[in-house]
Structure formats: C-alpha cells, structure tokens
**Q** 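Please find one structure pasted underneath; my questions will follow.
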Amino acid sequence: MGSDKHEKIVLLKDRFARYLITAGGVTVILSVAAIMLFIFIEMVPLFYAPEAAISSQWAAGQRLSPVAGMAVGADEYRETAFRLNETGAVDFLSLKTGEALKSIPNPALAGKKITAASRAVKSNWIAFGTADGMAGSTEVRFAADFSGAARTITQSVRNGEQLYQADPARRPVRIIAGALGEDGGIRIAAVKDDGGLVLLTAGESGDSNIAPASAGGARITALAMKSTGRQLIAGAADGMVYVFDIENGQPRTAENFKASAAGITALRFLNGDETLVIGDEKGDVAGWFSVRHIIAKNGGAKKMTLDRAHGIVLKPGEEREVIDRNYAGQRGADPDVSFAPAGMRYLKVRGFASHGAAVTAIAPSPRNKGFVTAAADGLTYHYITTGKSYPVAPQQDGKPLVAFAPKSDGIIALAGDGVLYDYALTAYHPDVTFNTLFSKVWYEGYPGPAHVWQSTGGTDEFEPKFSLWPLIFGTLKGTLYAMLFSVPIALLGALYLSQLAPVRLRNIVKPVIELMAAIPSVVVGFLAGLWLSPLMDRHLMAFFMVLFSLPAAWFVFVAIMWAVPWHKRPDISGHYELLYLLPVLAAGLGLGVALAPAVEAGLFGGDIKGWLYQAFTLAYDPRNCVVVGFALGFAVIPIIFTIAEDALTAVPPSLTSASFALAASRWQTAIHVVLPAASPGIFAAIMLGLGRAVGETMIVLMATGNTPIMDWSIFNGMRAMSAAIAVEMPEAPVGGSLYRILFLVGFILFIFTFAINTLAGLISNRLRRKYSRF
Amino acid sequence: MAARNDYHRGFWAEGVPFIWISGMAVLVLLAIVIGFLGLIFAKGAGHFWPAPMAQVTLKSGSSVMGPVMETEAIPHAAATRSLFKIGNRDVYGLDFRWVDDAAVEKREYPPDAAVIERSEYGDMHGFIQALREGGAVTARAGPDFHPLLEKKIARAAHLKEEIKKAADDVEHAREPLAKLEVDIRLLEDGSEAGTPEAALKLEKLNAEYDALALKLGDAITVPEQRIESLRKELDAPTLEVALADGQVKTMPLKDVRAFYLPNRMGLSAKAGHYLCKVWDFLWTWPRESNTEGGVFPAIFGTVMMVFIMVVIGAPFGVMAALYMNEYAKPGFFLNLVRLGVNNLAGVPSIVFGIFGLGFFIYFIGGGIDRLFFTDKLPEPTYGTGGILWASLTLALLTVPVVVVATLEGLAAVPRANREGALALGSTKWQMLWNVVLPNSMPGILTGVILAISRATGEVAPLMITGVVKLVAELPVDAGWPFLHLDRKFMHLGFHIYDVGFQSPNVEAAKPMVYTTTGLLLVIVVTLNLVAILLRNRLRKTYKGAAL
C-alpha cells in the first residue's frame, strides 16, 4: 500500500515537472517570438492611411436657421459646432444631439449683412466684412468645466471693440483676411467691391489706420495673411499672386509671381506660416515655400560651374539669381565670384491631387502641417510634408465652408445646401510615408530636397523631419570604421594565436580576450569620449604618424633580418618571437610620437587641423569617426577574434600535419591550408562582429557628437540608429509618429542583426558538419 | 651564392615577415587591453590617495595651491605646464587651473596646507587659522588645535544627527494633526466646499484639531525647542581659513565634513585616509550633483536589479534549456527555436529596451495602473519606468545566455549516467533532478554568472526603462510594502554615462567617473573570472566521465 502511494507521488511529481518545464520552455520561446511581433505591431500603424468618416450630419432649416453661413468651427471636444451666419449671429449646435443650443447675435451688426469672413488657424477668431463696407472681428469661445460629474462646455462670443470703415463708399466687402496680434491689435485686409485692396491696422486702444495696397489693377480673387500679421498675399483672377510686406502697417510689394494658368480661388498659410497653399479655379492645389535667394556674379574671365548638381553655370560677367544653397560659405575664398542677397522668393514645392471644380476653401490643421481643401466635388485632406491627398467626403453642393476641430481630430464642413457635416478624422501618422522615410524631401525653410533627421522642435508649428537615411548612414559609417580597425587586428591575431603561437601564449591571451569581451560598453564609450577624444584632439599628428611609423618599423626590421645571412640570423621563431617583436612595436610607436611635432611644424605649418581645413575644408570635430572606430572596434575585436580563433583551431590536425609533412612552412600551412578551410567560420566571425557594431549603443552615444549628418569625413561625428533610440525614446510621446518611427528603427536593427546572426549560425553549422568527417 | 638566393626566396615564401605582422597584431591587442585596464585602475584608484599640496608662487606675484594633477608639454612650444586642482570653487569659480611652469617663481609644499571637505562647493584648500565661536576666537592654530577641531567637527555631525532625530520626533508627534489638516483642506477646497454639511463637518474637525493640538502640546513643543537650542549650538562655531593668495575666508563649521593636511601625512596615515575614503565611496550617497560623495544607491540599485533579474530570468532560462534538451521532440521546429534563442543573444540591447518600454511599461504597466491605481491617474504608478520593468527587460536580454550555457552543461552530462539512472527505474524527473541537474550545475552557474555580468554592465536598455541619475529613496525601505518595485533606481553603468557626459561640471566629475568605472570593472571582471573557472572545472570534470 505504502509503496503504491509513494509510486503515485513519484509519478505525479514526474508529470508535474514535465508540465512545468514545458510551460516554462514554451513561455521563453513565445516571448522570443513576442518581441519581434510586438515591435512590428507598434511600428505598423505608421503606414495606415488617414481615415475620415461622418460622425454626424445635420440639415439646415431643420436645426439651424436657413440663412447663409460664413464661417464654421467646433470646440476642443467636438461636442458643439458653431456657424457665423450672414446676419452676424453665431449659432451653436450640439454635435451629439443635433439640438440648436443658442444663437448669439452681434448687436453692432443689427440690420447689416456679412459678405465675407475668415477664421484664424489656431483660434476661433474671425475677421469679417459687411455689405456696407465695414470690417470687424469676433471671437467664439468655449470654456470647459470639469468640476461636475460630466464635462460641461459653455459657449460665448466676444465681439470686436468696434467696426472699421474699410470702404468710405460703403460698398460691400468681397474678400477678407485677418490676423489677431499677441498684443490684441488686429490687421484686416479687405477687397472692396471695386477690386481695390486695403489694409486696416487697429491697436487695442482703438486707434486705427487704413492703407491701400496696389496689385497693379489685377482683379483680386483670394487673400491670405500670416497669423503673425507680417505678410499679406493676394491672388488674382489671372493666376498672379502678389506678396505684400505689411509688418509696419503699410503694404509694400515684396514680389509677385504667376502661380497658375487659371484664376486663384483660395489662399491660405498653413500652421507655422511657412507654407502657402494655393487653390485655383480648375481645382489644382499646390504648396509654395518662401526660399532665400542670392544673386551670384561671375567676376572672372572664365565660365564657372557654381553648382554641378543643379546645373548652374555662369558665363563670364553673368549675374544670376539662384536659390541660396550656401554657395558663399562653400566658396569663401574664391575671388572670382561675388554674392549679393536677393531676398525671399516663393517657389512651388508640392502639387497635390486636383479637385474637379474650383477650390472654394482651404482649412489648415491647427496641430500639424495637414490641411483640407473644399470644392463642389468634395473635401480632400492633404499633408504638405508627404504631398499626399486623401479624399474625405464626396459631392458638396455650392461653395462649401470647412474648418478643423481644434485637436485636429475632426473636420466641420458646411455644404452649400446648408447641411452641417461633422467628420471624425483619424489621421494616424499623416507626416510619415515610405517616401518621407527613405527619399529626399523638400522641407519648409530648406533650399531644396534633403535627407534630414530632426524629430522634435518644441512647438507644433515645427515640421518634423524623419528621414531615416542620416541614422542608417551614421550606423553604417561607424560600423565601417570599426570594422576597418578591428577585422585586420582580430583576424591576424587569431591566425597567429591558433596556428603560429606556442601553446603557453594561447593560454594567456585567450582569457585576456575573454575579459575584453566582458568589459561593459559604457566603460569603453566613456574612455573614448573623455580620454581618447581629447587626447586625439591634442595629438592628432601623432596618431597619423603612428599609421606610418609602425609599418616603417616593421619594414626596417624585415630589411635588417633579410640582409643578415641566414646562418647568422638569430632564430626568433618559437617561444620568444613576441619578445623580439615588442621592441619593434615600441620603436614604431615611439618614433611616430617623437617625430610628430617636427613633421607637423615642417609640413603643415604647425597646425594639422588648420591645414586640413584650408586644404580640404575638413572641419575637425573632437568626437569623430576615428574615435568611434577605435572604441567600437575595441568592442568588436573579441567577438571576431574568439569565433575566428575557434574556427581556425577547429581545422582538423590531419590537414595541417599533411601540409607540414610536405615541407610547407608554418605560414604556408596557415595561409594555404588552414585559412581556406576555416574561411566560412571567419566569414561568420566578421558577420557577428558586424552585427554587434551595428547594434552597439552606448559607445556611439558617448564617442560621437550625435549629429545626424550625412558626410563621409572621418573627422565628423554621426548619429547611429541605436543612439537615436536611446536619446529620443524618453521624449517621444506614446503612440506618436516619433515613437513609432523609433520602433521602426528598432525593427530594422532587429531584422538586420537577426539575419546576420542566422547567416553566421548556418555557416558555422555547415562548417562543423564538414569537419565531423575527419 | 645559390644558398643565399634560396634563403632570400625562402624568407619571403615562408612568410616570415607576415608571421611577424600577425604577431604584432597579438601584441597590439594585448597592449590595448592591458593599457585599457591599467589606465582605468590607475586613474580610478589614485583618486582617493591624498596627493601632496603644492603651493607655487608665480612671477606675477600671485599664488596657487593644490595637488598637481598632470604636467604636459604645451602644444607648439618648448615648455611645459601643470594642471592644479585649486579647489575653492566658491571663490575662484573653477576647480582646475593650468599654470605654465616657466611662470613659476618657486614651488613649495607647506606642511600646514589643509584640504577641507565641505558639504557644498567641493574642497577648500588653505591654511586653517582659527576657530571662532559667536565672533570671538576660541582657538588658534597651534599644537592642540587640530585634535580640538576634529572633536568639534565630530560634535557638529552629532548635533546634526540629533536635530534630525528631533525633527523626526516632531513629525511623528504631529502625524494625527497632519491627517486632520489634510481632511480640513479637502473640505475647504474640495468639490463639496461651501455646502452646509461641509461647513458643519469643518467646524467639528476644527474643534477636534484644536483639542488635539492642546493635548499633544508638549510632545511637539519640547522637541521643537530642543531643535532650536541644538541649531544654535551648531551654527555658532566658524572656521577661519587663509587661502593661498592671502584672502581670509570664514565658513560655518557645520559645512565642514572633514579636513586633512596631506603634506604632514605619513604613508600609514595616507593609507588610512585612503581606506576611509574608499569606504565612504562605497557606502554613502552622492553629493553635489553626483560629482562627489559615494555611489551607494547606484551599487544598491545595480545589485537589486540584477537580483530580481536572476530570480525571474534564471529559472525560465533553465526550464527552457531543459525543455529543449530533454522534453521537446527534435525536429525542424526545435532547430528553429534553437536558432531563435541563439540569435536573440546577438540582437542589440536597445531593441530589448524599446520592447521593455512598449510592452512592459506602457502595455502591462499601463494596464496595471488602469486596473488597480485608477485613483492616482494620470500620474502613473507602474506605467512608467521602474526597477521591475528594467529587471524584466534585462531578464529577457540575458535568457539566451542562461539557455545556451545550460544546454552546454546538459549536453556534457554523459549518456551513460542518464541511462544508468533510468535503468534503475527512476522516472525522467528523478533522473533529471538527481543525476543531470547536479552534474550540469557548473554550466548553469556559468550561464547565470555571465548573465549577471552582462546585466551589470548593460546601460542602453535601462536608459529607457527606469534608470535615473539620482533617487531620493531606495527600492527597499522600512515603509510598507518594503519592496517598492515601481520605484526608479540608480545604476553604476548609467552613473558613469550621466556623470561623465551630462554633468554640469564634467572636469570636476572625471575622477569620480574613473573611480566608478574601476568599481564596475572590478565587479564585472571578477564575475567573469569566476565563470571562466567554473567552466574550466566543468570541462575537466566531464573529460573523464565522457569515457
């Protein structure tokens, strides 16, 4: 009986252990898979297209008075929408129930009719013009109160202090644009019924001033003003666009340009005031940037190629206005060319998918660089950085009005037939497409398309620049220099140790290299950043000299040994070989360091860094690629060394014995027999080293300046993918574009290293199988 | 003639010069590693040794005093200069100063030169002249001055302790009052404020408060008075110090932590001082934005993190290895798993970091917060970096190390032993538990030690999963529930990065960084040596058994 019970317990234990171990093992295996899956899932939404869906729609007449609307908007939570109607009253409507909440009239406008209105980007401040030539402003405000159980929103309207006479002849105002200054002053530009353009400036104290602006008699059909009130843009029926500098209240023509073959029907500055969106009669939509230009003059007698990439060639004496791509900086010392500033000029940077009808309204997002255009054939969402367009809604009769919700999560549109639509917009990551990640993009304020990584800029007016190339480039550059340093040393060392060195030496060197592998990378990075980089900064010449003096010392040693007759030559092979080489190494190093000051003074005017800059315009950055190469190489050497040494040692002795039996020398055997046999293993070693160099974080973080630039110069720093994750992840908002892009970067690193390791693993497996024959 | 030609051909053909090149590669490697370790230990270990204080009078008449840190050739000139650690940051604004050796009139080592360690502004270098109490000089530099001073400093430290104790007493006594205060404030400003019920309750609470205050009376006022008198005694003594350039500075004695006269110290005194400083370094908290003091919280954080990691990660690693080696059916799938686990070891640590951040912190931690800590939201409890998440991330990172080493250990157990156990009628588990696991213990231990070593030095994934530059509290303390897994922690490796690269005064922080680096290296190297020894033992043990 007792033994039965005991047996049962034993069997039970056995079964329990089986289940437990299986569960534990499967957990580990699943978590390995989960890592890859999770990183992938976090990254995928980057490529979702924006989605818009009607969340509610309310017909006119039924809910709102059937008068024409002039401007629309919504509160922060998309609970209430408002409409400024042509009587000047603001109607509020609950977007949840469709109930008309209240209508607040503007007493100053009693009996007047609004003929034009324009809403600001980031607030519900509206400039309007009336049928009797007056201009004014009003602001719709929403206050949210959280003290109760549920959020309550109170609507209010704050009308401008007074109305201003824009047209003394009291004719209707046709088009209007305005800006509310931070000091409470306002600027309003209005097109009168006769086509004349006036600029009205009013201070908070009530003083006002009206100045005319001349567009050369063109019929103005659209207006836009920067939200800072510094620039006014007028578009004409003939497709011309006039730019006025209005900083001091007096319009001054800055430039004018032909923007389209058709008439301009809508103009708007995007959030940040950098990009001007132009819509025309035919339904074309385009983004224009203001780019700095300079006038380059060839003062020499020969033809001059200023910029080969852009095909700018100046004939002798020719003057030409070109985009300022820092030519003056590049050609600082060239006496033949002179530059003069030419100011800012608008350039068409991006065209978008066209509407089928005239663009009636453009609404910029208050949070990013997206915008919605409205035309009779529907609404379209565009994003300036990517140049992509996404249809939001079909057919809208008449001249639809459109506005973004304050959080940029919805679009309010008032169709020509009076129906108010509320669209929920899930934009995901409109600023990221495959192209923006991997191709050159022309960003705001840049002279041309470029690969730029600049992820955060403090405000939402900043255009994030997410080109992955600078990071990939940085990783590859750091890896390249690391491999250049580590592969020769590690492979030669492994070859010597496995094939040529006495066994006693192996027993010393192998543990040393294992210890080297255990040194934490933060220690290596610290020493590279705080010791090596200042040292190299001070003794750059010595570093260069050692590159020459070490091989020179070897050559001299070889030459001496070669010249000595063989019977007199000391036999230095064997146990003490390295002891003979030690003085050679020391002499090489010492010579380089000792001669450096003299060489620097003699050949480079005593300052090699200055000489490098003058001769090659190479700027020296103390945390540069040479430092990274050394430090990263230090981290990689033990991996390459250990695996290569294992592979070399694993070559069966029968092969080497056969080679020695045929009177081959140590070196001949090592090179012609062992090396080819072990070459797959050596390849695997290099691959694993590469994988480590690519993923190493702390060293590149500490030993480089972390500047995301693309430049092959060895005296520059860079920013690697891994360092970008470490530095930027803590500041990336969860679920935002940067967060997901960093996951994408992690995913790339993961895939890359996983692939390299798999390859290396397969190779060493094959190698092992091959040698198992012997 | 022919022989000579043969020899010359042979010299190259045999590749003798190339052998020398590869030999030199090994030499360079050895030189780099030895130089690397030597540099760190030399710089790190030397920091606490009291260096002689040199006072130099410059030809311009001014005077500089401090230990010479280094002397180097001035670039592009045939002269040398020396770097003095001049101290007195509050007076000079910098800690270090280069002095051209040519500009030096004379250099001496005054026996009375003192280094005064302060709780603020780093060390002061000067000559201690007098001790004042309430303005009047109570002692002047003389034969018995220094022992008296030491006594006074010890007294000041004692007073500080007493004040802290008394303050704790006050706080403890006030606890019921503080609770009432919170309730009263809630009633005054909360959502119910202004309602008649609230007014009624408020009145009652106020009456209760007054009664309690009256009752507690002495329990609070007595220690408060004691604090006041202690403070008076603490604030009274001041120290008068003459600086090298003749300025006389007066400072409160309570700011002095210790003082010593390096030029008078003999070898044994220096050694004693050195050991004291090392002890301080290991057991005290950092001061002055981590540039001075000790690294105790970083050591504690590192050990704690590694401990949690091993407790969680090692069993799973061993189980995975047992599963793969003993239970799973061999085949394509198992090969795939093997490959996956092997490759995981090569995946960059920062990738584990983002996984930890996204999965553990935001997904699991955020979920815990939403379920159990709703009252604290939006302030995260587990939904932000903490020691638990960092440990889990590193556990994942080091699992492959444990698995691979355990597999190696399992494979080394001879087949005969297993079959012997099974033949005697043991179940599989009995065979594993009594025969296989004990015999593969060295392998498992090697894996665990290597995992610990890796985790000790790893920084990148920690930077985004909960490590911080300075903590106010350790993850373990006397407050319920004693073990605070949600707390952020300090880590030796991150400490090196932070102090060396993000400190406002990198130059002054450098010696600390070297010392911390030395400590980290000692830990990692020791762990690795143990692992190597264990592995060698494993190999030796089974060399015979495999027959």
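Computed from a predicted structure; not experimentally measured. Chain naming here is simple, since letters A, B, ... match the order of the sequence lines and numbering starts at 1 in each.
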**Q** Of the backbone (N, CA, C, O) and the side chain (C-beta and beyond), which part of Leu701(A) lies under 4.5 Å from a heavy atom of chain B, both, or neither?
**A** side chain
**Q** Using non-hydrogen atoms only, which part of Phe16(A) is less than 4.5 Å away from chain B: side chain, backbone, both, or neither?
**A** neither
**Q** Please flag which part of Pro730(A) lies under 4.5 Å from any non-hydrogen atom of chain B: side chain, backbone, both or neither.
**A** both
**Q** Who among Trp531(A), Phe750(A), Phe752(A) has the most heavy-atom pairs with chain B under 4.5 Å?
**A** Trp531(A)
**Q** Which region of Ser722(A), side chain (C-beta onward) or backbone (N, CA, C, O), has a non-hydrogen atom less than 4.5 Å from a non-hydrogen atom of chain B, or is it both or neither?
**A** both
**Q** Within a reach of under 6.0 Å around CZ of Phe747(A), are more than 12 heavy atoms found that belong to other residues, nucleotides or ligands?
**A** yes
**Q** Taking the six-membered ring of Tyr327(B) (Phe, Tyr or Trp), confirm whether the NZ or CZ of Lys428(B) is under 6.0 Å from its centre and within 45° of its axis.
**A** yes
**Q** So for Ile35(A), is it side chain, backbone, both, or neither that comes closer than 4.5 Å to the heavy atoms of chain B?
**A** both
**Q** Side chain, backbone, both or neither: which part of Phe634(A) has a heavy atom under 4.5 Å from chain B?
**A** side chain
**Q** Check each atom of Ile39(A) against the heavy atoms of chain B and say whether the ones under 4.5 Å are side chain, backbone, both or neither.
**A** side chain
**Q** Under 4.5 Å from any heavy atom of chain B, what part of Leu582(A) do you find: side chain, backbone, both or neither?
**A** both
**Q** Under a 4.5 Å cutoff for heavy-atom pairs, which residue among Leu39(B), Val403(B), Ile40(B) has the most contacts with chain A?
**A** Leu39(B)
**Q** Need one label for Val524(A): side chain, backbone, both or neither, based on atoms under 4.5 Å from any heavy atom in chain B.
**A** both
**Q** Quick one: of Leu589(A), Ile513(A), Ile489(A), who has the most non-hydrogen atom pairs under 4.5 Å with chain B?
**A** Ile489(A)
**Q** Where on Phe555(A) is there a heavy atom nearer than 4.5 Å to chain B: the side chain, the backbone, both, or neither?
**A** neither
**Q** If you count heavy-atom pairs under 4.5 Å between each of Ile350(B), Val26(B), Leu432(B) and chain A, which one has the most?
**A** Ile350(B)
**Q** Side chain, backbone, both or neither: which part of Leu515(A) has a heavy atom under 4.5 Å from chain B?
**A** side chain
**Q** If the plane angle is over 60° it's perpendicular, under 30° parallel, otherwise tilted; pick one for Phe494(B) and Tyr497(B).
**A** tilted
**Q** Is Leu530(A) in contact with chain B via its backbone, its side chain, both, or neither, using a 4.5 Å heavy-atom distance?
**A** both
